[in-house]
There are 2 protein chains.
Amino acid sequence: MDRTAAEPAEGSLLLDDQLCFALYAASRAVTARYRPLLDELGLTYPQYLVMLLLWDQDSVSVRELGAALQLESSTLSPLLKRLEASGLVTRERRPDDERSVAVRLTEDGARLRDRARSVPVAIGDAMGLTPEQDATAKQLLRLLTTNVSEG
Amino acid sequence: MDRTAAEPAEGSLLLDDQLCFALYAASRAVTARYRPLLDELGLTYPQYLVMLLLWDQDSVSVRELGAALQLESSTLSPLLKRLEASGLVTRERRPDDERSVAVRLTEDGARLRDRARSVPVAIGDAMGLTPEQDATAKQLLRLLTTNVSEG
DNA sequence: TCCGATTGTATCGGACACAAATAGATCGAC
DNA sequence: GTCGATCTATTTGTGTCCGATACAATCGGA
C-alpha cells in the first residue's frame, strides 16, 4: 500500500491532511463573512440563528431552541438575555408548565425579519458553490454530524 | 421556476435550508468529539492544532501560526501562554528581529506527539466517511473557505 | 400529604475568537 | 542619522461555548 500526495498515511499528523481543520477553518471563515452583515442588524451569528427559528415559529422554549441549534442552555441563557436587552425577544415562564420558558418575538424582533431577508442570499453568493456542490456539502456535513454525535 | 423540498427558494429563512448552519453544527460536533481524547493529553482543540504544526516544524513564529490557522494574534497570545504554562512550549523573542516571538516545543511537548498519534485515526473512524466522501468534503470546504475569505 | 426523582433553567469558571487600542522594534525616505 | 510609517505581538473588552453546579417546579408513589 503506497501513499500519494492525495492520500496521506492514516497516522499523519499534518494539519493540511485533516478534514477537521478544513471544517474548523471554513466555519470561522463563514462566520467572519456574516459579521458585517449581521452588525447592521445588531446581531451576532448565534443570535441570528435563534432569530431564524423565531421568525419561523413565534413561540419557542429554551429547550426547543437548544435541540434545534444543538446548544446547551448554559450557552442560550446569556444569549437570550442579550436579545431581550436588545428588545428583540421576550422571555416568560409558561403558565401550564412553569419549568419552561417561552421565548417570543417583540414587534421590533418581528420587524427585523424584512431587513434580514437579503442576508442568506448575500452569503450564498459569497460561498460561490454551484447548487450541486451546495447540496453535496450539506449532505456530507449532516452525515458527518450524525456520525460524530452518536456512538 | 418551481421549488421542491430539496431546492428551497433563494430567500428562505428556514434554518434547515442553510449550509451555514450545517457547517456550524458539524464544526461544534467534531470539536465535542475531540474533547475527551484531547482531555487525556491536556489540550483543547485549538491548542491541539498548534501542537500539530509544532510537531511538524520545530520553531514557528506567532505570525506563522496565525497564517496557518487563520487565527488572530489576540487569540494565539493567551493560548500560547497556556501552552507555555503547561510546559509544552517555550516562547522567546528572536535575536535577529525582536518583534517576532519564536514558539518551540519543550521535551514534554515533543514527547506528547507519540500519545497524540492515535487521535486522528479515532476521529476519522468516528466521522465514518468513505475516503471518497472525506476527499470531497475537504475539497468543498477548502473551496468554500477560499471563496468566502476573499472578495 | 410528603419525599424523592425528574425536568428544566440559571450561574460560574475556563477557554476560545475577534476588533480595537497599545507598545516596541524595524524599515525607509530624506 | 533622524523621524515617521509599518510590522509584530500583547492587552482589553465583548460574546460565545461547554462542563459542573445550583436552583426551581413538577410528577410519582407510599
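Scope of the values below: all heavy atoms of this structure, side chains included, with no hydrogens, waters or symmetry mates. Chain letters run A, B, ... following the sequence lines, proteins first and then strands; every chain starts at 1.
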Charged N to carboxylate O under 4.0 angstrom, [X] versus [Y]?
X: B:Glu84; Y: B:Arg91; value: yes
X: A:Lys138; Y: A:Asp134; value: yes
X: A:Asp97; Y: A:Arg99; value: yes

Using whole Å, report how far [atom1] of [X] lies from [atom2] of [N].
X: B:Arg63; N: D:dT6; atom1: CZ; atom2: C1'; answer: 12 Å
X: B:Arg93; N: D:dA9; atom1: CZ; atom2: P; answer: 7 Å
X: A:Leu65; N: D:dT16; atom1: CG; atom2: C1'; answer: 16 Å
X: B:Glu92; N: D:dA9; atom1: CD; atom2: C1'; answer: 15 Å
X: B:Leu76; N: D:dT11; atom1: CG; atom2: P; answer: 14 Å

With no hydrogens and no angle check, is any side-chain donor or acceptor of [X] less than 3.5 Å from a backbone partner on [Y]?
X: B:Ser73; Y: B:Leu76; answer: no
X: B:Arg93; Y: B:Val101; answer: no
X: A:Asn147; Y: B:Met127; answer: yes

Quick one, A:Ile123 and A:Arg33 - any side-chain contact, counting heavy atoms below 4.5 Å?
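Answer yes - side chains close enough.
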
Going 5' to 3' through nucleotides 11-20 of chain C and flagging B where a protein heavy-atom sits under 4.0 Å of the base, S where only the sugar-phosphate is that close, and - otherwise, we get B---SSBBBB

Give the residues of residues 51-62 of chain B touching DNA chain D, defined as any heavy atom closer than 4.0 Å, sorted by residue number.
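Heavy-atom contacts with DNA chain D come from B:Ser61, B:Val62.
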
Could you tell me the separation between the CG atom of B:Leu71 and the CG atom of B:Leu65, rounded to the nearest 0.5 Å?
9.0 Å

How is A:Arg94 classified with respect to the nucleic acid when contacts are heavy atoms under 4.0 Å: base, sugar-phosphate, or nothing?
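Since no nucleic acid heavy atom lies under 4.0 Å of A:Arg94, the category is nothing.
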
